[in-house]
Amino acid sequence: MVLSRLPRHFYSSKNFRIFFLKDDKESLRISISKKNFKLAVSRNLVKRHIKEIFRINELKVEGGCFLVFVFAPFSKLKYSEASVEIVNAVKSHNL
């Protein structure tokens, strides 16, 4: 699926931005720039952290998926800080 036009994001911070894509079969998509995270190891670590946060907190939504764009300051966050921020962001959308 080519994402030429994205819907307006529903959450944005200096660490990441989250979009909601309607009628998408996947539940989560993560986009990390090589410009910000040079090593594949660091990109994969961030992806694993985000997937684990979504899995542990059961952050799934019916009828669409979340698209997470990750920015460079995200790597400075502790896992617990990132978890709290992501959970609050996603739950604010589900209200």
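The first residue of the sequence shown is numbered 1, and numbering continues consecutively from there.
Annotation for Asn57 and Ser83: closest pair ND2-OG, 3.8 Å, computed over non-hydrogen atoms. In this structure, Ala89 and Ile18 approach most closely via the heavy-atom pair CB-CD1, 3.9 Å. In terms of heavy-atom proximity, Phe37 sits nearest to Ser42 at CB-OG, 3.8 Å. Shortest non-hydrogen contact noted between Ile50 and Ile86 is CG1-CD1, 4.1 Å. Scanning all heavy atoms of the two residues, the minimum distance from Lys35 to Lys38 falls at O-NZ, 3.2 Å. Of all non-hydrogen atoms in Glu26 and Cys65, the two that sit nearest each other are O-CB, 2.6 Å.
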Practice problem: Dump the intermediate steps for side-chain contact (heavy atoms from CB on, under 4.5 Å) on Val90 and Phe54, then the final yes or no. | Solution: CA-CA 9 Å; Val90 172; Phe54 271 79; 3.8 Å; yes
Practice problem: Start with the C-alpha gap between Phe16 and Glu85, add the side-chain angles, then the distance that decides, and say whether side-chain contact (heavy atoms from CB on, under 4.5 Å) holds. | Solution: CA-CA 10 Å; Phe16 59 89; Glu85 191 170 356; 3.7 Å; yes
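One hydrophobic cluster, built from ILVMFWY side chains closer than 4.5 Å, cannot hold both Val84 and Val68; they sit in different ones. Phe74 and Leu39 fall into different hydrophobic clusters, where Ile, Leu, Val, Met, Phe, Trp and Tyr are joined by side-chain heavy atoms under 4.5 Å apart, directly or via other members. Ile30 and Val41 fall into different hydrophobic clusters, defined by Ile, Leu, Val, Met, Phe, Trp and Tyr side-chain heavy atoms under 4.5 Å apart, directly or through other members.
In this structure, the ring of Phe20 has its center less than 6.0 angstrom from the ring center of Phe66.
Listed by first then second residue, pairs satisfying salt bridge (Lys or Arg N to Asp or Glu O under 4.0 Å) with a partner in residues 41-52 read Glu52-Arg55, not counting sequence neighbours. Screening residues 73-82 for side-chain hydrogen bond (donor to acceptor under 3.5 Å, both in side chains) gives no qualifying pairs among residues at least two apart or on separate chains.
The CG atom of Asn88 sits 11.5 Å away from the OG atom of Ser13 when rounded to the nearest 0.5 Å.
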